Structure formats: C-alpha cells, structure tokens
> 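Below is the structure I would like to discuss, written out as structure tokens.
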Amino acid sequence: MSEMEALQAALAGEHAALYGVGVAGGKLSGAKFRSATETFERHRDNRDKLSALIAAAGETPVAAEPAYDLPQPVTNAVSASALILVIERRLAAAYGDLVEAAEQPPVRQLAINELLATASAQVVWGGAPVALPGAV
C-alpha cells in the first residue's frame with residue numbers, strides 16, 4: 001500500500017467514524033456523552049489533518065459517503081459504547097497501515113499519534129489493552 005492509499009484509507013475511516021460516533025452519541029448521556037463528544041472532535045480534527053495532507057500532495061481527498069451501514073444496531077448506551085469501540089478498533093488498523101506506509105516524517109508522526117490515541121480510546125470504550133494495537 002502506498003502512502004497516499006493509506007492516507008485515503010485513514011481519511012475514509014475518519015469519515016465513517018464521524019458518522020458512527022454521531023449516531024452513538026445520540027444514545028449516550030452524562031460522562032459517556034462528554035467522552036463521545038471529545039471522540040467526535042478528535043475524529044473531526046483528524047479528518048481535517050488528513051484532508052490537508054492529501055490536498056497538499058496534489059490529490060483529491062476521498063469524500064464522505066452520505067450514510068454508512070453500521071456493524072450493529074444502536075439502541076441504548078451499551079450498544080452505543082460497543083459501536084464506538086468497534087470504530088476505534090477499525091481506525092487502529094487503518095493507522096497501523098499508515099505507520100507502515102508513511103514515507104514522510106509528518107505523516108508517520110500523525111499515524112503514530114493516532115494509533116496511540118485509538119488504542120487508548122479502545123480502553124475508554126470497554127476494550128482490553130492489546131500488545132500491538134492496529135495489528136490484524
């Protein structure tokens with residue numbers, strides 16, 4: 001996978017994450033809602049950073065889909081938290097691919113930072129720590 005392909009895949013993942021976290025947030029309240037809001041903001045920032053990197057390379061950033069199929073129904077706080085955990089796991093894989101494919105130091109640093117952030121977020125949303133986050 002080239003660096004650009006990995007950047008586009010990470011951007012596509014961030015688009016999907018924004019959709020999914022937005023859906024999940026509607027079923028959360030209190031501290032979990034605040035965590036979901038912070039998660040949404042992190043993914044929005046990542047989307048913007050990835051889009052800027054892709055555009056700076058002279059490529060067109062992949063667009064968001066109008067809607068996404070969710071991997072599970074979101075009917076309550078438990079299923080909402082579980083969805084965000086799935087999202088963070090999927091993004092860890094995308095950022096792991098970007099770490100591997102990155103040729104430029106700023107791209108690699110972004111990928112490493114976000115791989116660590118997704119690993120931490122997985123624990124926040126009910127996942128267990130793993131030795132190699134993002135490894136499939």
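Just so we're clear, the structure is a prediction, and the values are computed from it rather than from any experiment.
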> Backbone N or O of A121 within a donor-acceptor pair of the E88 side chain at under 3.5 Å?
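No: the side chain of E88 does not pair with the backbone of A121.
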> Taking Q104's backbone N and O only, do any of them form a donor-acceptor pair with E3's side chain (distance below 3.5 Å, no angle check)?
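Yes; at least one donor-acceptor contact below 3.5 Å.
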> Less than 4.5 Å apart, any side-chain heavy atom of W125 and any of I87?
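W125 vs I87: side chains apart.
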> Rounded to the nearest 0.5 Å, what separation is found between the CZ atom of R90 and the CG atom of L85?
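Spacing of CZ (R90) from CG (L85) equals 11.0 Å.
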> Report the distance from atom OH of Y19 to atom CZ of F40, rounding to the nearest 0.5 Å.
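It comes to 12.0 Å.
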> Is a side-chain donor-acceptor pair under 3.5 Å present for Y95 with E14?
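A donor-acceptor contact under 3.5 Å links the two side chains.
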> What closest approach, in Å, do L91 and G13 show between heavy atoms, and which atom pair accounts for it?
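So the two residues come closest at CD2-C, 3.5 Å.
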> Say whether, by atom type as modelled, one donor and one acceptor occur between the side chain of T118 and the main chain of L115 under 3.5 angstrom.
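Yes, because the side chain of T118 sits within donor-acceptor range (under 3.5 Å) of the backbone of L115.
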> Closest approach of P73 and S79, non-hydrogen atoms and distance?
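For P73 and S79, the tightest heavy-atom pair comes out as O-CB, 3.5 Å.
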> So M1 and Q8, do their side chains get closer than 4.5 Å, heavy atoms only?
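Contact flag for Q8/M1 side chains = no.
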> Any carboxylate oxygen within less than 4.0 angstrom of a Lys/Arg side-chain nitrogen, looking at E114 and R42?
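Salt bridge present between E114 and R42.
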> Report yes if some heavy atom in the side chain of I54 is under 4.5 Å from a heavy atom in the side chain of T60; otherwise report no.
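Of all side-chain heavy-atom pairs linking T60 with I54, none is under 4.5 Å.
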> Quick check: do L50 and L110 have side-chain heavy atoms less than 4.5 Å from each other?
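SC-SC contact between L50 and L110 confirmed.
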> Assess the side chains of S51 and D48: does a donor N or O sit below 3.5 Å from an acceptor N or O?
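No, no side-chain donor-acceptor contact under 3.5 Å.
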> My understanding is that only residues two or more places apart in sequence, or in another chain, count here; which of them pass side chain to side chain contact (heavy atoms under 4.5 Å, CB included) with A80?
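Checked A80 against side chain to side chain contact (heavy atoms under 4.5 Å, CB included); matches are A24, K27, L28, V74.
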> If two hydrophobic side chains count as joined below 4.5 Å and joins carry through other members, does Y68 share a cluster with I84?
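Shared cluster, yes.
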> Between H43 and E38, is there a side-chain donor-acceptor contact under 3.5 Å, judged purely by atom types and distance?
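No - no donor-acceptor pair under 3.5 Å links their side chains.
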> Which pair of heavy atoms, one from R47 and one from L18, lies closest together, and at what distance?
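Nearest heavy atoms, R47 then L18: NH1-CD1, 3.6 Å.
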> Nearest heavy-atom pair of A6 and D97: which atoms, and what distance?
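Of all heavy-atom pairs spanning A6 and D97, the closest is CB-O, 4.2 Å.
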> If you count every heavy atom of other residues, nucleotides or ligands that lies below 6.0 Å from E100 atom CD, does the total exceed 12?
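No, CD of E100 has 12 or fewer neighbouring heavy atoms, counting only those of other groups under 6.0 Å.
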> Closest heavy-atom contact between A128 and V123?
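Smallest interatomic distance, heavy atoms only, reads C-CG2, 4.5 Å.
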> Could you tell me the separation between the OG1 atom of T75 and the CG atom of L83, rounded to the nearest 0.5 Å?
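Output value for this atom pair is 11.0 Å.
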> Looking at H15 and V62, would you say the former's side chain and the latter's main chain have a donor-acceptor pair under 3.5 Å?
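Looks like yes, one N/O pair under 3.5 Å.
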> To check you understand the geometry: which heavy-atom pair defines the closest contact between A36 and V21, and what is its length?
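Nearest heavy atoms, A36 then V21: O-CG1, 3.6 Å.
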> Can you check whether L7 reaches L11 side chain to side chain, under 4.5 Å on heavy atoms?
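Contact flag for L7/L11 side chains = no.
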